[in-house]
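The structure under discussion appears below in the form of structure tokens.
The first residue of the sequence shown is numbered 1, and numbering continues consecutively from there.
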Amino acid sequence: MIPFENTWPYDIMMNDIYVHDCPFCQASNVLIPIRPKEIPLIQQGKKKLLVFPCCHNRVTIIDVDGDYLLATERLRKLDG
């Protein structure tokens with residue numbers, strides 16, 4: 001079972017990958033340094049170190065689907 005708290009949504013626009021909000025500093029519309037051509041490599045098991053350009057926090061991406069990045073650590077805050 002994939003832990004939902006380790007996922008973060010992304011969008012592809014004009015061959016660039018964006019996240020709506022940074023999970024660390026909450027900056028809006030952040031262009032992340034992953035190219036769409038890297039997605040199949042990540043899906044095949046290659047890990048990708050993602051450094052958010054807005055705040056320089058780092059996470060390791062271990063899988064990607066059509067909507068979400070899957071990281072090795074928690075990206076979502078617990079409610080309550």
Side-chain angles (χ1 to χ4, degrees):
M1 181 106 181
I2 295 172
F4 186 68
E5 61 270 7
N6 290 18
T7 64
W8 201 254
Y10 74 93
D11 284 318
I12 300 175
M13 288 185 250
M14 298 181 64
N15 213 31
D16 290 326
I17 299 180
Y18 291 86
V19 293
H20 292 285
D21 298 303
C22 174
F24 301 104
C25 71
Q26 287 71 48
S28 297
N29 297 320
V30 179
L31 172 65
I32 58 174
I34 297 177
R35 303 273 52 107
K37 66 181 180 182
E38 293 178 283
I39 290 176
L41 296 173
I42 298 169
Q43 290 171 330
Q44 294 169 7
K46 182 178 180 184
K47 295 179 183 178
K48 172 73 175 174
L49 178 64
L50 171 58
V51 179
F52 285 87
C54 48
C55 60
H56 304 287
N57 280 299
R58 301 184 242 177
V59 296
T60 301
I61 304 300
I62 57 173
D63 201 2
V64 180
D65 68 8
D67 298 314
Y68 291 94
L69 303 169
L70 176 62
T72 55
E73 62 187 72
R74 180 183 299 272
L75 299 175
R76 297 176 185 271
K77 294 185 167 99
L78 292 174
D79 292 332

Under 3.5 Å, sequence neighbours excluded: what are the donor-acceptor pairs made by side chains of residues 58-68?
unit_1	atom_1	unit_2	atom_2	d
Asp65	OD1	Asp67	N	2.8
Asp65	OD1	Tyr68	N	2.6

> Atom CG of Asn6 and atom CG of Leu69: how far apart are they, to the nearest 0.5 Å?
Replying inline: 11.5 Å
> Are side-chain heavy atoms of Tyr10 and His20 found at a separation under 4.5 Å?
Replying inline: no
> Is Val19 reachable from Ile17 through a run of hydrophobic residues whose side-chain heavy atoms are each under 4.5 Å from the next?
Replying inline: yes
>> If the condition is ring-ring contact (aromatic ring centres under 6.0 Å, His included), which residues does Phe24 pass it with, not counting sequence neighbours?
In response: Phe52
> Quick one: hydrophobic cluster around Val51, which other residues, with the 4.5 Å side-chain cut-off, linked directly or via members?
Replying inline: Leu49
>> Using 0.5 Å steps for rounding, measure from the SG atom of Cys22 to the CG atom of Leu75.
In response: 9.5 Å
> Is the backbone of Thr7 close enough, under 3.5 Å, to the side chain of Arg76 for a donor and an acceptor to pair up by distance?
Replying inline: yes
>> Is there a path of hydrophobic side-chain contacts, each under 4.5 Å between heavy atoms of I/L/V/M/F/W/Y residues, joining Leu31 to Ile12?
In response: no
>> Met13: which residues meet the side chain to side chain contact (heavy atoms under 4.5 Å, CB included) condition with it, sequence neighbours left out?
In response: Asp11, Tyr18
> Is any side-chain heavy atom of Ile32 less than 4.5 Å from a side-chain heavy atom of Leu50?
Replying inline: yes
Check: residues 34-42 side-chain donor-acceptor pairs under 3.5 Å, at least two apart:
unit_1	atom_1	unit_2	atom_2	d
Arg35	NH2	Asn15	O	3.2
Arg35	NH2	Asp16	OD1	2.4
Glu38	OE1	Arg35	N	2.7
Glu38	OE2	Lys48	NZ	3.1

